[in-house]
Amino acid sequence: AGSAAALASAAVARHEADAATSAEAAAGGGGGSGGGGGGEAAEAVALWAFIRKMLTHIRSAPESAVASAGIPLAAVEAEVARMRERFGELQLPVVLGHGDLKPSNVMAGADAPPPGADEAVSFIDFELAGAHYRGYDLYKLFRTSGELSQPNLRAFLRAYLDEVRGACDLSDDGGASRELELDEVQAETYAAEPLTWLEAAVFFLFAIRQFPDEAPTWAPLAAQRWERCAASPRPRRGPAPRPRPRRARGPSSLPNDEQR
């Protein structure tokens, strides 16, 4: 029951964030520079606008509420600005994305399976859908506090590319070029890892702002996401990095990755 209540509160917090975003947009508040810039560039990738609006709301909170997570807000804003600059330099592909493609937003067996499929798969919770880095959605689907399965991720990315080729009627000469494309998408996906943790840390700080009485619930989650962001490989200048070996990480004492 406690876990269900926590998830419900998280959902309400996100609705509040969406409402704050919509209200600011209706008032012509698309600009601003704190925590990720503003103006026209902020709208190119929906995630940056969403993070910026959450940070704006967090700043209005009593300092004692947000401080319960032990994360200096100035450090979070600096990291958002730094990471946005790096992602601008990497120029990773931007697509129409889900925005919150975590496993709990993927439903299996809800509908009749399509021809040739064992079961149907449906996606839910499209509130953050828009222009997103392709690798952001792909990595978030596999992100975990435990050990990420490289074989499963690579198999998924291979199937993903097959579907893209089929949907776009793209030629496929197979062989080395196909493996190179797979390597590039895998590197692109890994490059998005720190951003998935950073967005989650900001979200839980926002949850503290919205529900200060529930800070004991949200603060450890915000701190854990912030720590994972800091421990993630940093996006580098220049082209997306090549695939790299992934070191195993022990299981987290906070098994709540599904919440954000």
Side-chain angles (χ1 to χ4, degrees), residues 3-27 29-30 36 40-57 80 84 87 92-114 117 119-144 153 156-157 159-164 166-168 185 188-189 192-193 195-207 209-211 218 221 225 256-260:
S3 177
L7 288 171
S9 294
V12 172
R14 184 193 295 166
H15 281 294
E16 294 286 350
D18 293 337
T21 299
S22 300
E24 184 171 331
E40 184 175 334
E43 299 175 0
V45 176
L47 182 64
W48 296 123
F50 183 64
I51 289 176
R52 177 169 55 84
K53 304 297 174 42
M54 286 195 293
L55 286 173
T56 298
H57 207 52
V80 169
R84 183 180 175 191
F87 272 80
L92 298 179
V94 175
V95 300
L96 177 59
H98 184 281
D100 194 23
L101 193 61
K102 57 188 179 183
S104 59
N105 283 336
V106 181
M107 309 294 289
D111 301 305
E119 62 180 346
V121 175
S122 303
F123 299 99
I124 62 172
D125 195 357
F126 287 90
E127 295 165 334
L128 302 182
H132 289 284
Y133 300 114
R134 179 173 61 175
Y136 178 84
D137 264 0
L138 293 173
Y139 190 86
K140 193 160 187 179
L141 185 61
F142 283 83
R143 194 193 67 185
T144 173
L153 174 61
F156 178 86
L157 295 178
Y160 167 80
L161 289 175
D162 287 344
E163 290 296 322
V164 169
C168 299
V185 174
E188 172 192 331
T189 301
E193 176 183 0
L195 183 55
T196 67
W197 293 114
L198 178 62
E199 183 273 342
V202 174
F203 173 79
F204 283 118
L205 290 176
F206 177 87
R209 165 62 181 86
Q210 288 299 112
F211 306 103
W218 307 128
L221 297 174
R225 271 55 171 181
N256 294 307
D257 286 342
E258 284 300 300
Q259 292 187 24
R260 194 70 180 169

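To the nearest 0.5 angstrom, Arg134 atom CZ is 9.0 Å from Leu92 atom CG. One finds the NZ atom of Lys102 at 7.0 Å from the CG atom of Asp125 (value rounded to the nearest 0.5 Å). Summarising the geometry, atom CG belonging to Leu195 is positioned 12.0 Å from atom OH belonging to Tyr139; distances are rounded to the nearest 0.5 Å. Between the CG atom in Leu157 and the CG atom in Asp162 there is a gap of 11.0 Å [rounded to 0.5 Å]. Of the inter-residue distances, the one linking His57 atom NE2 with Gln210 atom CD reads 3.5 Å to the nearest 0.5 angstrom. Atom OH of Tyr136 and atom NE2 of His98 lie 11.0 Å apart (nearest 0.5 Å).
Pairing each heavy atom of Lys140 with each of Pro103, the nearest pair is O-CD, 4.2 Å. Minimum interatomic distance between Ala44 and Ala131 (heavy atoms only, all atoms of both residues): O-CB, 3.4 Å. Counting all heavy atoms, side chain and backbone alike, Glu199 lies closest to Phe50 at OE2-CE2, 3.8 Å. Nearest heavy atoms, Ala200 versus Arg143: CB-NH1, 4.0 Å. Residues Phe204 and Leu221 share a closest heavy-atom pair of CE2-CD1, 3.7 Å. Between Glu193 and Thr196, the shortest heavy-atom contact is O-OG1, 2.7 Å.
Within the 4.5 Å cutoff, no side-chain heavy atoms of Thr189 are placed close to those of Phe142. Considering only heavy atoms from C-beta on, Asn105 stays 4.5 Å or farther from Phe126 through its side chain. Between Val185 and Leu138 the shortest side-chain heavy-atom distance falls below 4.5 Å.
In this structure, Asp100 contributes its side chain and Leu128 its backbone to no donor-acceptor pair below 3.5 Å.
With sequence neighbours excluded, no residue forms a side chain to side chain contact (heavy atoms under 4.5 Å, CB included) with Leu96. With sequence neighbours left out, the ring-ring contact (aromatic ring centres under 6.0 Å, His included) criterion links Phe123 to no other residue. Here Tyr160 pairs with nothing under the ring-ring contact (aromatic ring centres under 6.0 Å, His included) rule; sequence neighbours left out.
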Candidate pair Asp137 and Val95, rule side chain to side chain contact (heavy atoms under 4.5 Å, CB included), full reasoning:
CA-CA 10 Å; Asp137 264 0; Val95 300; 6.0 Å; no
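The aromatic rings of Phe87 and Tyr133 are tilted relative to each other, their planes meeting at an angle between 30° and 60°.
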